[in-house]
Q: 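What follows is a structure written as structure tokens; I'll ask about it next.
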Amino acid sequence: MKPSPGVAWVMHDDAAYLARLPQGPVIVLEGAAGLIWEELVATDDVTGLTERVRARLHDAPVDLSEQIDAFTAELLAAGWLARTDSSAS
């Protein structure tokens, strides 16, 4: 996965700040959402994503995989995130 064209982002502490350039909007993904974003765009390898996120969370929910799938679908649908060739399904 990668940020969609025209989307810039930066991590600060456990929050991801995303902006559509040049005019916005800006959104802030805090806590688990920020960690998920960071893991999604850090590598094209979505295999093991749940385990990588779970390792970084102190109290990961049992249904973390389903929550990550739903959140990823929301980011894709909203145009914040784009699939790479290796992450296409």
Side-chain angles (χ1 to χ4, degrees):
M1 301 279 180
K2 64 180 182 179
S4 292
V7 173
W9 69 281
V10 65
M11 286 295 296
H12 180 68
D13 295 330
D14 67 346
Y17 294 80
L18 286 60
R20 294 190 198 277
L21 300 178
Q23 297 176 340
V26 174
I27 64 169
V28 180
L29 305 176
E30 296 180 286
L35 294 177
I36 293 167
W37 171 269
E38 186 175 33
E39 289 293 337
L40 279 168
V41 300
T43 177
D44 282 345
D45 181 16
V46 294
T47 304
L49 174 64
T50 299
E51 290 76 22
R52 291 193 312 269
V53 171
R54 186 178 305 280
R56 295 180 65 186
L57 293 175
H58 299 289
D59 250 346
V62 174
D63 64 341
L64 180 62
S65 181
E66 292 82 9
Q67 290 185 22
I68 289 173
D69 289 346
F71 184 58
T72 301
E74 289 176 27
L75 291 169
L76 287 163
W80 291 104
L81 192 62
R83 293 188 185 278
T84 59
D85 290 340
S86 63
S87 65
S89 52

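Position 1 is the first residue of the sequence; numbering continues from there.
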Q: Is any side-chain heavy atom of I27 closer than 4.5 Å to a side-chain heavy atom of W80?
A: yes
Q: Looking only at non-hydrogen atoms, find the nearest pair between A16 and M11 and report the distance.
A: CB-SD, 3.4 Å
Q: Measuring from atom CH2 of W37 to atom CE of M1, what distance do you get when rounded to the nearest 0.5 angstrom?
A: 10.5 Å
Q: To the closest 0.5 Å, what do you measure between CG (L40) and OG1 (T72)?
A: 4.5 Å
Q: Around atom CD of E30, are there more than 12 heavy atoms from other residues, nucleotides or ligands closer than 6.0 Å?
A: no
Q: Could you report the tightest heavy-atom contact between S4 and G79, atom names first, then the distance?
A: OG-O, 2.9 Å
Q: Which of parallel (below 30°), tilted (30 to 60°) and perpendicular (above 60°) describes Y17 and H12?
A: tilted
Q: Return the minimal non-hydrogen interatomic distance between L64 and T50, and the atom names on each side.
A: CD2-O, 3.9 Å
Q: Just by distance, do the side chain of R56 and the backbone of E39 share a donor-acceptor pair under 3.5 Å?
A: no
Q: Have a look at L81 and tell me which of L18, V7, V41 forms a side chain to side chain contact (heavy atoms under 4.5 Å, CB included) with it.
A: V41
Q: Return the minimal non-hydrogen interatomic distance between L76 and R83, and the atom names on each side.
A: CD1-NH2, 3.5 Å
Q: Is the side chain of R52 donor-acceptor paired with the backbone N or O of I36 at a distance under 3.5 Å, no angle test?
A: no
Q: Would F71 end up clustered with V28 when hydrophobic side chains under 4.5 Å apart are linked, directly or stepwise?
A: no
Q: What is the minimum heavy-atom distance between A60 and R54, and which atoms define it?
A: CB-NH1, 3.6 Å
